[in-house]
Amino acid sequence: MHSIDIGTVEMMLDIMKYSIGRISNTNPDMGKPTKEEDLLKLVGDTVTEEGIGGEKAFQLFRDVLSKAAVPVDHPRHLAFVPAAPTKAAILFDLVTSASSIHGAYWMTGGGGIFCENRAMEWLVSLTGLPDKSFGVFTSGGTAANLSAIVAGREYWRSLDDDNKGLKALLITSNGAHSSIKSMAKVIDADILLVDDEKNEKLTRSALETAIEKLTEFDRKRLFAVVATGGTTNAGIIDDLDGIAEVCEKENLWYHVDAAYGGGALAAPSVRHLFKGIERADSITIDPHKWMFSPYDCGAVIYKNMELAANAHSQKGAYLDIFKDEGAQGFNPADYQIQLTRRLRGLPLWFSLAMHGTNKYTEAIERGISLANFAAQQIQHNQNLELVREPGLSCVLYKRKGWEAEDYRNWTYKNHQANFALVTPTKWTQDGITETCARFCFINPDTKESDIVEILESMN
Ligand SMILES: *Cc1c(COP(=O)(O)O)cnc(C)c1O
């Protein structure tokens with residue numbers, strides 16, 4: 001199974017050929033969801049006692065199964081948060097697997113972790129956090145948020161022995177990502193959702209009022225505030241500076257979830273909107289969203305790495321050796337929830353090293369210009385209406401007269417036609433929740449004409 005024969009060589013060539021073809025194809029078929037039972041009819045049993053052979057298994061994947069998935073890098077895939085990994089990053093994802101490096105400890109992962117750390121230095125520099133702030137790559141924003149929240153909770157517990165027996169409480173906004181609510185469940189913390197509806201975001205005054213209204217008991221168990229640096233639905237950035245002020249005054253852990261929006265820290269046209277992010281205790285950024293890395297790659301950054309290590313460093317008799325060989329290196333396992341880990345930052349490093357950071361700035365600015373272009377088109381079309389000004393690269397808009405069902409039918413029709421994937425969302429204004437359409441631009445290869453054609457499909 002691990003040795004090489006002629007068949008294996010042929011399969012390798014097949015796979016390389018497919019990979020090169022797929023990486024080079026900037027306009028892949030959309031792919032459609034297919035029922036599992038229908039796929040089973042098409043491919044039959046694939047895991048058998050004797051094996052069906054690499055050639056056959058690969059052919060089934062290439063010709064049938066890969067077509068039942070939607071490629072996130074399609075230039076007219078503007079739903080959810082799409083992705084557009086660079087060719088360099090995808091190729092280096094293959095190299096990452098081929099290199100078989102264990103990325104938990106410097107002892108075994110040193111050369112690879114070195115590369116990750118150079119990419120991390122760039123991310124940290126974008127945040128403006130003080131010297132000695134640093135971070136690690138995680139499987140995504142969810143794992144980064146969990147790692148950060150756990151670090152904050154451990155810090156709070158260390159402040160006062162009484163806190164150890166309390167159920168922790170954190171404040172975030174309605175616009176925060178669902179993973180914040182889920183991760184609060186994982187650590188068995190309560191969550192209070194605070195909003196300032198008039199301003200569509202979490203503001204300093206809304207946060208102050210919410211804290212003032214807490215009972216003495218709840219104030220005691222409040223340990224953190226999670227602000228969002230670009231909401232997933234609308235690209236809205238909370239009042240990061242004002243929230244920092246409150247967190248410093250109240251001695252609360254301040255986490256900024258910029259999983260989607262973090263890429264825009266590299267975009268001069270919008271960087272000022274993030275003022276105050278440099279005062280956070282921890283920050284989440286997802287390179288697999290707006291920094292052109294393949295799935296999956298998130299990042300968690302801390303102002304004080306020691307506090308992260310206090311929460312996450314794992315102890316075990318057989319792990320001690322990892323710290324003892326004298327290289328005195330950086331151990332990513334000490335700063336997030338995972339032990340054995342893929343070197344998820346390697347593809348980002350290679351792509352950054354190859355292209356330089358200016359190219360990243362350009363590609364991210366392109367997403368913002370596309371959003372502004374779309375907004376103009378919508379404003380000039382009498383059938384359409386902007387719900388709000390674009391937030392980063394998100395555009396929410398309505399087709400006059402349409403109900404939820406019309407948006408859904410339109411989405412399905414465009415998808416079935418292999419034309420575009422644009423999905424509806426919901427937006428609440430003045431207490432009224434309505435369905436609307438949403439663009440999220442990530443891919444710099446999306447063309448203005450794509451936007452025009454998609455808008456025309458609503459006529
Ligand atoms: C996408 C997203 C997450 C979750 O990240 P995953 O990488 O999907 O785990 C968290 N927060 C925000 C703001 C996001 O946009």
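Here the structure is a predicted model, which is why all the values come from computation and not from measurement. Counting starts at 1 for both ligands and their atoms, in listed order.
- Of the candidates G261, C440, A259, A143, it is A259 that places a heavy atom closest to atom 12 (C) of ligand 1.
- Residue V81 places every heavy atom at 4.0 Å or more from ligand 1.
- Heavy-atom proximity to Y260, at under 4.0 Å, picks out these atoms of ligand 1: 15 (O).
- Proximity to K289 (heavy-atom distance under 4.0 Å) selects the following atoms of ligand 1: 1 (C), 2 (C), 3 (C), 4 (C), 5 (O), 14 (C), 15 (O).
- Any N or O atom pair closer than 3.5 Å counts here, and D257 shares at least one such pair with ligand 1.
- Heavy-atom contacts of H288 reach the following atoms of ligand 1: 7 (O) (cutoff under 4.0 Å).
- Annotation for ligand 1: atoms under 4.0 Å from non-hydrogen atoms of T232 are 12 (C), 13 (C), 14 (C), 15 (O).
- Between D450 and R76 there is a salt bridge, since a side-chain N of the basic residue sits under 4.0 Å from a carboxylate O of the acidic one.
- Taking 4.0 Å as the cut-off between side-chain N and carboxylate O, D190 and K167 count as a salt-bridged pair.
- Checked for salt-bridge contact, R366 and E362 miss the test: no charged N lies under 4.0 Å from a carboxylate O.
- For F114, the ring-ring contact (aromatic ring centres under 6.0 Å, His included) test picks out no residue, with sequence neighbours left out.
- At least one heavy atom of S179 sits closer than 4.0 Å to an atom of ligand 1.
- Evaluated by nearest non-hydrogen atom to atom 9 (O) of ligand 1, the leading choice among N233, T231, T142 is T142.
- Using a 4.0 Å cut-off between charged side-chain N and carboxylate O, R279 and E248 make a salt bridge.
- Heavy atoms of D286 found under 4.0 angstrom from ligand 1 belong exclusively to the side chain.
- Under a 4.0 Å N-O distance rule, the pair K413/D406 does not qualify as a salt bridge.
- Ionic pairing of D238 and K201 is not present here: no N-O contact between side-chain nitrogen and carboxylate oxygen is shorter than 4.0 angstrom.
- Set against the non-hydrogen atoms of N145, the atoms of ligand 1 under 4.0 Å away are 10 (C), 11 (N).
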